[in-house]
Peer 1: 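Quick one: the structure is below, and I'll ask about it shortly.
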Amino acid sequence: METQSVKFGTPSKQATVSKVRVVVRVRPFLPQEITARNGNSKSCIFLLDHQDNGSSDEVSVHLKDPNTSRNESYRLDSFFDQEDDNVRKIFYREVNSLIPGIFHGFNATVFAYGATGSGKTYTMQGTEEHPGLMPLAMSTILSICQSTGCIAEISYYEVYMDRCYDLLEVKTKEISIFDDKDGQIHLRGLSRVPINTMSEFHQVFSCGIQRRKVAHTGLNDVSSRSHGVLVISVSTPCDDGSRPVLMGKLNLIDLAGNEDNRRTCNGGIRLQESAKINQSLFALSNVIYALNNKLPRVPYRESKLTRILQDSLGGTSRALMVACSNPGEYQESLHTVSLAARSRHISNVLSSAQKLQTPKEKVDMEAKLQAWLESKGKTESAQRMGPFATRLVGKTPSSIRSMKKLDYNSSCKVKNSTKDDPSNTKD
Ligand code: ADP
Ligand code: MG
């Protein structure tokens, strides 16, 4: 990839691998949730001791089960509590600084991770009044393109059941992935659509959103079953009229919701989908853990998603994970935050961490994730998970929680019109 010079501050090339930042975003309670809770709007997730989120390097995020005396705390990079404009805050504090690097040949990745209904799509796509990280990033990139003469293009694809589909093609098309002789990953035939204005962006992107796979589960009317990846790439035109040279790209990912199959009552294809989703989320967490701990081997090949993102995670690329939480769902939030903290966790015990990277047998990742979830409170199985599991030792088994009764917006159906506002379509 070529590095070009442009007319604004150049981020320094880091000699070492950038750490993946992991932050939490708590969404506000929805009016119907407050009604269902008889007006109780107490969040199960909050910061300890009124910490100053702005000035310290890390925060202790506290979770408290309203039904029992259970409580936990985890260290993360930052915490964004339930305010209407917290997505904008995340953009200006965490994402904006990744953008100049894209114009200097660096790649970056932002993920929204969390259970279904935790606010991932809201964080990434947003609404017309409250744009999410995707339109906010696009708009910033377009304004830099205007002043530098660079060209912005978008691709949008989904990874569903470990297969990759182009969402900008009229007829959804499977994309094959291959490594070139230099070990670079390529998505053969993936469309790249040039974007000059925000209205062009909304038009193209909303068509893609409508093609994302949606399906019904026992938990929620509409649930995202695929990882949706928006790629904004920036190129610079060549004076000799030849093809523009790619500089860098920003991947913005609305991950599929993590699921607990014991609660969703999933079966058949839904169970298989769910297994693939959990497996790829666990693989992503393993990759982030390996990067943050500077392990000699980063297990990119454990899933299609991490394999595709190999050039945008690690190396000189920068990445941010936004762990999304529903303030009324203790068990779900605990699962999300503990996995996020586990990814971020920096271990000093490299020798035992490295052992994790070289399993002697092929491990069933879904079984591993399930075992990890079930191991809460069981020292023996927690030890099997190595250094990440230390926080789980001595905890009581997870409590059986009631099924969700809320209907998250049934407007989330796939539509055919290309003119619909993307904010009306949830996945
Ligand atoms: P997910 O993509 O994780 O399944 P959604 O993004 O669809 O979750 O969010 C679940 C619900 O919460 C949606 O109805 C969404 O509009 C709402 N929501 C999330 N964040 C906010 C917010 N800041 N303000 C208002 N509603 C929100
Ligand atoms: Mg969603």
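Computed from a predicted model, the values in this text were never measured in an experiment. Counting convention: from 1, in listed order, for ligands and their atoms alike.
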Peer 1: Counting both backbone and side chain atoms, is some N or O of Glu83 under 3.5 Å from an N or O of ligand 1?
Peer 2: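 Checking ligand 1 against Glu83, no N or O pair falls under 3.5 Å apart.
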
Peer 1: If you measure every N/O of Gly119 against every N/O of ligand 1, is any gap under 3.5 Å?
Peer 2: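 Yes, at least one N or O pair falls under 3.5 Å.
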
Peer 1: Could you check whether any heavy atom of Gly117 sits closer than 4.0 Å to an atom of ligand 1, since that is the contact criterion I want to use?
Peer 2: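 Contact present.
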
Peer 1: Does Thr121 bring an N, O or S atom to under 2.8 Å of the Mg ion (ligand 2)?
Peer 2: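 Under 2.8 Å: Thr121 contacts the Mg ion (ligand 2) through an N, O or S atom.
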
Peer 1: Under 4.0 Å from ligand 1, counting heavy atoms only, is it the side chain of Ala115, its backbone, both or neither?
Peer 2: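 Ala115 to ligand 1: backbone contact only, side chain stays beyond 4.0 Å.
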
Peer 1: Check each heavy atom of Ser118 against ligand 1 and say whether those closer than 4.0 Å belong to the side chain, the backbone, both or neither.
Peer 2: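 Answer for Ser118: both.
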
Peer 1: Can you name the residues that form a side-chain hydrogen bond (donor to acceptor under 3.5 Å, both in side chains) with Ser333, not counting sequence neighbours?
Peer 2: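 Applying side-chain hydrogen bond (donor to acceptor under 3.5 Å, both in side chains) to Ser333 gives Ser325.
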
Peer 1: Under 4.0 Å, heavy atoms only, figure out whether ligand 1 is touched by the backbone of Leu30, its side chain, both or neither.
Peer 2: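 Answer for Leu30: side chain.
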
Peer 1: If we only count N/O pairs under 3.5 Å, is Lys120 in contact with ligand 1?
Peer 2: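 Such a contact does occur with ligand 1.
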
Peer 1: At a 4.0 Å cut-off, with the gap strictly under it, does some heavy atom of Cys324 reach an atom of ligand 1?
Peer 2: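 Under 4.0 Å: no for Cys324.
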
Peer 1: Regarding Arg342 and Asn286, do their side chains bring together a donor and an acceptor under 3.5 Å, going by distance alone?
Peer 2: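 Yes, Asn286 and Arg342 have a side-chain donor paired with an acceptor closer than 3.5 Å.
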
Peer 1: Check whether any side-chain heavy atom of Phe282 lies under 4.5 Å from a side-chain heavy atom of Glu302, and answer yes or no.
Peer 2: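 When only atoms from C-beta onward are counted, Glu302 and Phe282 do not touch, as no gap falls below 4.5 Å.
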
Peer 1: For ligand 1, which atoms sit closer than 4.0 Å to a heavy atom of Thr116?
Peer 2: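 The atoms of ligand 1 under 4.0 Å from a heavy atom of Thr116 are 4 (O).
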
Peer 1: Below 3.5 angstrom, do we get any N/O pair linking Asp254 and ligand 1?
Peer 2: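 No - when backbone and side-chain N and O of Asp254 are compared with those of ligand 1, no distance drops under 3.5 Å.
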
Peer 1: Does the residue Arg25 have a heavy-atom contact with ligand 1, meaning some pair of atoms that are separated by less than 4.0 Å?
Peer 2: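 The answer is yes: ligand 1 sits under 4.0 Å from a heavy atom of Arg25.
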
Peer 1: Counting only N and O atoms by type, is there a donor-acceptor contact under 3.5 Å from the side chain of Asn107 to the main-chain atoms of Ser317?
Peer 2: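 Checked: no pair found.
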
Peer 1: Side chains of Ser285 and Ser343: is there a donor and an acceptor less than 3.5 Å apart?
Peer 2: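 The criterion, which ignores hydrogens and geometry beyond distance, is satisfied for Ser343 and Ser285.
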
Peer 1: Run the side-chain contact (heavy atoms from CB on, under 4.5 Å) test against Leu168 and tell me which residues pass, sequence neighbours left out.
Peer 2: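 Applying side-chain contact (heavy atoms from CB on, under 4.5 Å) to Leu168 gives Ile154, Tyr156, Asp166, Ser191, Val193, Val204.
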
Peer 1: Are side-chain N/O atoms of Asn326 and Ser118 paired as donor and acceptor at under 3.5 Å?
Peer 2: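 No, no side-chain donor-acceptor contact under 3.5 Å.
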
Peer 1: Taking Arg21 first and then Glu58, would you say they form a salt bridge - that is, a charged N and a carboxylate O separated by under 4.0 Å?
Peer 2: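 Looking at Glu58 together with Arg21, the answer is no, because their closest N to O distance does not fall below 4.0 Å.
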
